[in-house]
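Worth knowing before you read on, the calculation uses all heavy atoms, side chains too, and leaves out hydrogens, waters and symmetry mates. Computed from a prediction, not measured in an experiment: that's the story for all the values here.
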Amino acid sequence: MAKIDHTAGSQSGKMSTPALIGVAVGTSVLLAVMVTMLYVCYRRRYHPTKLSSAIKKTLQEPSPGSLMASPTGIKTIHVVTKKSPSPTQPQKEFPQLEISRKFSTSKSPSPGEGSAKSLSPHFHTENETSGKVSPLSDSGIREGEEVSKPTLTNKDGKLGDLHFMLKYNFEKGAFLVTVLRAVELPAKDANTGSSDPYVKLQLLPEKQHKVKTRVLRRTTNPVYNEEFTFYGLTYNQLQTITLHFVILSFDRYSRDDIIGEVLFPLKDIDLKEEELTVNREITPRNLKIRCQSRGELLASLCYQPAANRLTVVVLKARNLPKMDMAGLCDPYVKIYLLYNGQRIAKKKTHVKKRTLNPVFNESFLFDVPNEGLDKLSLEMLVLDWDRVTTNEVIGRLEIGAKSTGNALRHWNEVCNSPRRQIAEWHRLKD
């Protein structure tokens, strides 16, 4: 029996080695799994790769401004715009408009003139102007403080014609504007002898709702067939609205060129029975203030020699010219500090909507060189803000040692009376 027990003990001793190896391997595998899980958790916590909910929503459903397929083969774009009420003058309330855009996928019938190669609309941020770019032009607001280019015309000396169609849907309470085509536009690109035209449309006098067509490449006879639907407008409200079309030529490397504009008042237009097709000649952009007084600006200056600072307070303006169809304008003021005639600093006020007598009451500080005010001057521009086209200069004012008249007298008084706030009215000039 003793011998048998010894053999059994030997056998049990021989079986213990594989068991230990199995336990060791299992433990190693478990540790590896735990380390892997910890690493995955760490990566997810500190290096997330999941899409945000906003991106997921964008991928799952079409967003405003995106293309949506329709059974008829026509692409549709929906844009919702909100109306901001006038802060200076009560206006007739318009409901929030939903703007639907629809355009045909058919190409222009004239391949030699060029057409849209892509079915998707071409969206871009443009800075259209009618002249040279200011070296210190602000990126937030486009301004028109430049000399106008000579207006290019076609071979007949005209800017062409714009064809569009109007319709009112009483069932949906929607106003439909279809931009059909433009004919015989001037060539804005001297290299190709053609243009890259597109059309912008806004509803006046609100100036809040704007749409635009796609860009058609290398053509002077673009065919758009794009329909824009404005929801929430009653038929009676159409009598107070003017359609403002602006025809532009897209430029990839500089600001877009303005070809011309078309203004079409809807007063006394009957859309109750059927749609109306309209053909209007494109006219040069209206220079609205050539025959009007440019108004006056009240500014206050104070020179602080101890701090080497010049304080400029833009108080208010009065009798500004009418800049839109409603007989109002949206003015703001830009101020430049000049050293030896070179702009070295700039400031600007907020835009005051719908007023010819804005009150700003905004103060600005400019650092002055150690030599004082001898080589300095101030340039003030009063501009009319425009959502669609270039902001137009209403008038300008320069106050400095090289000024004349009231501006020179004001500057000398500021230089001779430091630490005093001195205000003066100034007449705006061209």
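Residues satisfying the side-chain hydrogen bond (donor to acceptor under 3.5 Å, both in side chains) test with Glu171, not counting sequence neighbours, are none. Residues passing the salt bridge (charged side-chain N to carboxylate O under 4.0 Å, His left out) test with Arg309, sequence neighbours excluded: Asp367. Scanning for side-chain hydrogen bond (donor to acceptor under 3.5 Å, both in side chains) contacts around Gln304 gives Thr311, with sequence neighbours left out. Legend: residues meeting side-chain hydrogen bond (donor to acceptor under 3.5 Å, both in side chains) with Arg409, ordered by chain and number and at least two apart, are Asn406. Remark: Tyr235 engages Tyr168, Phe170 in a ring pair (Phe, Tyr, Trp, His ring centres under 6.0 Å) (not counting sequence neighbours). The salt bridge (charged side-chain N to carboxylate O under 4.0 Å, His left out) test applied to Asp251 returns no partner, not counting sequence neighbours. Under the salt bridge (charged side-chain N to carboxylate O under 4.0 Å, His left out) criterion, Glu296 pairs with Arg318, not counting sequence neighbours. Under the rule for a side-chain hydrogen bond (donor to acceptor under 3.5 Å, both in side chains), the partners of Asn308 that lie at least two apart in sequence or sit in another chain are Asn370. Here Phe164 pairs with Phe245, Phe264 under the ring pair (Phe, Tyr, Trp, His ring centres under 6.0 Å) rule; sequence neighbours left out.
Without hydrogens or angle criteria, Thr349 side chain to Tyr332 main chain gives no donor-acceptor distance under 3.5 Å. The closest donor-acceptor contact from the side chain of Ser249 to the backbone of Ile259 lies at 3.5 Å or more, if one exists at all. Under the 3.5 Å distance criterion, the side-chain polar atoms of Ser194 are matched with a main-chain donor or acceptor of Thr219. A donor-acceptor pair is defined here as one N or O able to donate and one able to accept, closer than 3.5 Å; such a pair exists between the side chain of Arg294 and the backbone of Ile394.
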(request) Determine, step by step, whether Leu271 and Leu166 satisfy the side chain to side chain contact (heavy atoms under 4.5 Å, CB included) criterion, reporting the C-alpha distance in whole Å, the side-chain angles of both residues, the deciding distance to 0.1 Å, and the verdict. (result) CA-CA 8 Å; Leu271 298 176; Leu166 309 177; 4.1 Å; yes
(message) Let's go through Tyr339 and Glu371 carefully: what are the C-alpha distance in whole Å and the side-chain angles of both, what is the deciding distance for side chain to side chain contact (heavy atoms under 4.5 Å, CB included) to 0.1 Å, and is it a yes or a no?
(response) CA-CA 11 Å; Tyr339 181 80; Glu371 55 263 33; 2.8 Å; yes
(request) Before giving the answer on side chain to side chain contact (heavy atoms under 4.5 Å, CB included), spell out for Asn361 and Lys316 the whole-Å C-alpha distance, their side-chain angles and the decisive distance to 0.1 Å. (result) CA-CA 7 Å; Asn361 285 333; Lys316 55 185 176 180; 6.0 Å; no
(message) Before you tell me yes or no, could you show the steps for Glu226 and Arg214 under salt bridge (charged side-chain N to carboxylate O under 4.0 Å, His left out), namely the whole-Å CA-CA distance, both residues' side-chain angles and the distance that decides it to 0.1 Å?
(response) CA-CA 9 Å; Glu226 297 192 36; Arg214 66 195 187 278; 2.7 Å; yes
(message) Before you tell me yes or no, could you show the steps for Leu337 and Leu378 under side chain to side chain contact (heavy atoms under 4.5 Å, CB included), namely the whole-Å CA-CA distance, both residues' side-chain angles and the distance that decides it to 0.1 Å?
(response) CA-CA 5 Å; Leu337 181 66; Leu378 288 171; 3.8 Å; yes
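Counting non-hydrogen atoms of other residues, nucleotides and ligands closer than 6.0 Å to CD of Gln342 gives a total of 12 or fewer.
By the 4.5 Å heavy-atom criterion applied to side chains, Glu184 and Thr220 are not counted as neighbours. A heavy-atom distance below 4.5 Å is found between the side chains of Leu356 and Leu328. The shortest distance between side-chain heavy atoms of Leu201 and Phe230 falls below 4.5 Å. Within the 4.5 Å cutoff, the side chain of Leu397 has heavy atoms near those of the Leu428 side chain. You'll find the side chain of Asn279 stays beyond 4.5 Å of the side chain of Val183, heavy atoms only.
For Asp196 and Arg217, the salt-bridge test passes: some basic side-chain N is under 4.0 Å from an acidic carboxylate O.
The shortest heavy-atom contact between Leu376 and Pro369 is CD1-CD, 3.7 Å. When all heavy atoms of Pro197 and Leu185 are compared, the pair lying nearest together is CB-CD1, 3.6 Å. Across all non-hydrogen atoms, the minimal contact from Ser300 to Leu315 is CB-CD1, 4.2 Å.
The salt bridge (charged side-chain N to carboxylate O under 4.0 Å, His left out) analysis of residues 235-248, with sequence neighbours excluded, yields no pairs. Counting only residues at least two apart or on different chains, the ring-ring contact (aromatic ring centres under 6.0 Å, His included) pairs with a member in residues 403-430 are His410-His426. Sorted by first then second residue, the salt bridge (charged side-chain N to carboxylate O under 4.0 Å, His left out) pairs that include residues 230-243, not counting sequence neighbours, number zero.
Between the CG atom in Leu338 and the CZ atom in Phe366 there is a gap of 10.0 Å [rounded to 0.5 Å]. Between Asn357 atom CG and Lys352 atom NZ the span is 13.5 Å, to the nearest 0.5 Å. Here the CG-CG distance, from Leu310 to Leu373, works out to 6.0 Å after rounding to the nearest 0.5 Å.
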